[in-house]
2 protein chains.
Amino acid sequence: MKKELVTLKKIAQILDLSTSTVSRALNDHPDISEATTKKVKQLAQSMNYVPNIFAKGFRKHRSNIIGVIVPNITHYFTTTMLRGILEEAAVKGYRVIISESNNDVLKQTEMLNTMMQFGVDGILASLTKMTRDIDNILPILNKVPLILFDKVSNKIPCTQITINDEEAAYNAIEHLINIGKKRIAIIKEREFSYTSEKRFSGYLKALKDHDIEIDEKIIISVDDISLIQGKRMANHLLSIKKRPDAIFAITDSAAIGVIQTLKKFNINIPEDIAVVGFSNSSHSTIIEPKLTTVDQPGEKIGKNAVKYLIEEIESTTDILTNKMIEIKGNLIIRDSTFKV
Amino acid sequence: MKKELVTLKKIAQILDLSTSTVSRALNDHPDISEATTKKVKQLAQSMNYVPNIFAKGFRKHRSNIIGVIVPNITHYFTTTMLRGILEEAAVKGYRVIISESNNDVLKQTEMLNTMMQFGVDGILASLTKMTRDIDNILPILNKVPLILFDKVSNKIPCTQITINDEEAAYNAIEHLINIGKKRIAIIKEREFSYTSEKRFSGYLKALKDHDIEIDEKIIISVDDISLIQGKRMANHLLSIKKRPDAIFAITDSAAIGVIQTLKKFNINIPEDIAVVGFSNSSHSTIIEPKLTTVDQPGEKIGKNAVKYLIEEIESTTDILTNKMIEIKGNLIIRDSTFKV
DNA sequence: TATTGTCACGCAAACGGTTGCGGGAACGAT
DNA sequence: ATCGTTCCCGCAACCGTTTGCGTGACAATA
């Protein structure tokens with residue numbers, strides 16, 4: 001396991017130069033002559049020199065590592081964002097360390113702290129659902145750049161990247177209206193969730209714009225938006241006297257639960273009740289009928305998050321940036337709302 | 001962004017001790033009296049001291065980072081392994097940096113090298129399909145501990161962790177035989193793949209043990225095992241004169257493709273043709289009929305991989321370990337083979 | 001010739017923590 | 001009184017790289 005390290009000193013000795021000259025040559029410092037620079041670089045190359053990352057970080061207080069925290073790494077959409085993050089970080093010369101909070105607020109703040117201690121240059125976080133107390137997160141802000149993505153919170157003064165939930169939801173509802181639906185239910189989250197609220201307001205706005213009555217009886221809020229809850233709420237919606245003719249679940253998994261119970265009761269989709277979800281998860285083309293949903297360009301979100309984070313990291317100014325970036329999601333129309 | 005660092009020196013000054021004493025106190029060195037140790041630890045705690053990771057790594061040549069390389073981060077099974085890896089690494093005090101090779105051999109070796117340069121303490125790798133030339137990987141072995149998981153290769157002399165593919169496949173086939181199937185097709189990979197071969201040999205052994213004729217016409221090999229290939233091969237299997245009465249796809253996605261085309265041709269599952277997959281992906285309960293498949297305990301694999309890796313990292317001896325660890329997978333019987 | 005400027009490079013300190021070695025104090029044994 | 005031990009602790013070197021400052025050589029300018 002012992003390895004003869006190739007260091008600046010060694011190169012300097014061979015070339016009869018000082019380590020500082022070698023260092024500067026490798027970093028293209030203008031003080032060093034072209035000839036020397038070339039000579040040094042060639043030897044370094046041939047000796048397979050790699051700078052000692054610790055010594056470097058030690059001196060420069062830079063790790064070239066960014067930390068990423070996500071609630072649940074097994075969600076398909078999350079992995080697409082991670083893919084974007086990894087790719088963009090790689091081209092920018094950053095490494096990525098990932099942690100999973102399991103939607104546990106305590107774990108989340110613990111991870112934030114661990115990452116800070118560890119010396120990451122910046123943090124990308126997708127918050128847990130119930131992140132109500134911001135007090136644990138605020139201290140981070142003036143120690144290391146932080147950017148929120150996907151699951152964000154407007155209470156935290158930092159730049160945030162999401163998809164245009166409101167507009168996307170608006171489009172989804174408008175689509176339902178266009179195919180003739182007049183009584184559209186929504187299944188959303190009860191606990192305050194930034195994205196849920198955004199999608200809900202898109203829903204409301206679309207109904208208003210089209211002069212459709214808003215009925216609270218078909219506005220369903222659940223604690224955790226999941227497949228099982230989708231099934232339960234579909235059961236509930238079927239039991240009320242004036243049944244909806246369309247259901248918008250703000251999550252694909254809930255939408256799939258809805259579809260499964262509608263099928264159990266032999267309800268025609270989309271003729272009797274149309275269903276639309278949100279995420280374009282990989283499940284949405286496996287379920288039958290295939291699910292109409294909003295595609296979220298995860299890779300794009302990930303890439304953008306990294307781009308803005310590195311911008312902050314490498315910026316010399318110390319001001320807290322506070323941009324809101326929205327990435328456009330696209331409605332994908334499939335069999336659950338439209339039969340050819 | 002500037003932050004007053006709390007260093008050993010500062011603590012030493014306050015307590016009128018030397019930095020070495022403080023350092024030793026914090027590391028429970030026996031040379032330091034209990035009283036001093038306690039005093040130092042208390043102050044360090046109250047001052048919120050965190051050791052500078054770079055200085056530490058610089059001295060000790062230890063980063064407490066392990067690198068993980070996977071072919072595709074968006075596969076559900078992969079994420080479950082990652083979850084196990086992250087969890088186990090966290091409790092052991094290690095950070096994890098993740099890279100995605102996208103099944104690109106060049107990228108894979110590049111990543112291995114990058115990670116090494118970066119100073120990871122060890123590497124966990126799940127290989128790309130076509131990793132034929134081991135030459136790029138072998139040099140890694142005597143520089144940093146390497147462990148393969150899931151997608152392994154017996155050509156590389158290092159410890160490897162998989163599920164017991166052969167036995168699991170054997171059980172799956174035996175199950176098909178037990179429900180009365182006598183002509184069982186398999187869809188496997190053409191390119192040499194360790195897991196595919198293992199599953200195939202489990203298939204062969206089960207057939208032999210039950211005196212069932214092996215017919216090469218229903219042993220299908222494909223380049224890339226995918227949903228689309230599943231569809232194609234199902235079409236092919238339906239076209240031959242002696243149709244199979246069961247299809248074992250060595251991958252859930254292929255199995256789902258099979259189910260979709262069988263349904264298209266109104267073939268009863270499982271009465272006419274039963275289907276079993278492998279992975280217990282999240283799709284397997286969305287598809288209808290629900291898919292019988294082998295559950296792979298991803299978290300367990302991940303945790304074990306980390307455990308063995310850290311063992312190697314922290315071992316003083318330099319011998320290359322070369323264990324083969326098999327984690328047991330469980331057959332999960334669902335509607336695609338068994339109707340209640 | 002004297003002064004100033006530029007170029008190309010070396011010296012040495014600094015980053016924060018670890019560790020081999022050495023040394024003083026206290027104490028018991030001789 | 002001397003010696004040997006043991007217990008605690010400090011000194012200083014060291015890890016590899018970066019960087020402010022200094023310097024000698026040489027050319028340009030006055």
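FYI, side chains are in, hydrogens and waters are out, and symmetry mates aren't considered; it's all heavy atoms of this structure. Remember, predicted model here, so these are calculated numbers, not experimental data. The sequence lines fix the lettering, A, B, ..., with proteins before strands; numbering per chain opens at 1.
Checking the phosphate oxygens (OP1, OP2) of dC15(C), no side-chain nitrogen or oxygen of N52(B) falls inside 4.0 Å. For the OP1/OP2 pair of dC9(C) and a distance below 4.0 Å, the side-chain nitrogens and oxygens of T21(A) include no atom meeting the criterion. At least one side-chain nitrogen or oxygen of S23(A) sits closer than 4.0 Å to the OP1 or OP2 atom of dT18(D). For dC7(D), the OP1/OP2 oxygens have no side-chain nitrogen or oxygen of S33(B) closer than 4.0 Å. For Y49(A) and dT17(D), the shortest distance from a side-chain N or O to OP1 or OP2 is below 4.0 Å. Between dG16(D) and T19(A), no contact under 4.0 Å exists linking OP1 or OP2 to a side-chain N or O.
Going from atom CZ of R62(A) over to atom C1' of dC15(C) covers 16 Å, rounded to whole Å. The nearest whole Å value for the distance from the CG atom in D31(B) to the C1' atom in dG24(C) is 14 Å. Between the P atom of dC15(D) and the CG atom of L8(A) lies a distance of 13 Å, rounded to the nearest Å. As a whole-Å value, the separation of H61(B) NE2 from dG17(C) P is 17 Å. Between L15(B) atom CG and dC8(D) atom P there is a gap of 17 Å when expressed in whole angstrom units. In this structure, F58(A) places its CZ atom 13 Å from P of dT17(D), rounding to the nearest Å. Atom CD of E34(B) is separated from atom P of dC9(D) by 12 Å (rounded to the nearest Å). We find that NE2 of H29(A) is positioned 8 Å from P of dT19(D), with the value rounded to whole Å.
Side-chain N/O atoms of R24(B) and base N/O atoms of dC9(D) include no donor-acceptor pair closer than 3.5 Å.
With hydrogens and angles ignored, the 3.5 Å screen pairs a side-chain donor or acceptor of S153(B) with a backbone N or O of K155(B).
Residues E88(A) and K92(A) are paired through a salt bridge, judged by an N-O separation under 4.0 Å between the basic side chain and the carboxylate. Using a 4.0 Å cut-off between charged side-chain N and carboxylate O, R95(A) and D121(A) make no salt bridge.
For S18(B) and N27(A), each mapped to the nucleotide of DNA chain D holding its nearest heavy atom, the one lying further toward the 5' end belongs to S18(B). Between L17(A) and V50(B), it is L17(A) whose nearest contact on DNA chain C lies nearer the 5' terminus. Where T7(A) and D16(B) each meet DNA chain D at their nearest nucleotide, the meeting point lying more 5' is that of D16(B).
Side-chain atoms of T128(A) and N103(A) include no donor-acceptor pair closer than 3.5 Å.
Among the nucleotides dT18(D), dT18(C), dC15(C), the one closest to any side-chain atom of K60(A) is dT18(D).
Nucleic acid contact for S20(B): base, since at least one base atom lies under 4.0 Å from a heavy atom of the residue.
You'll find the ring centres of F54(A) and F54(B) outside the 6.0 Å limit.
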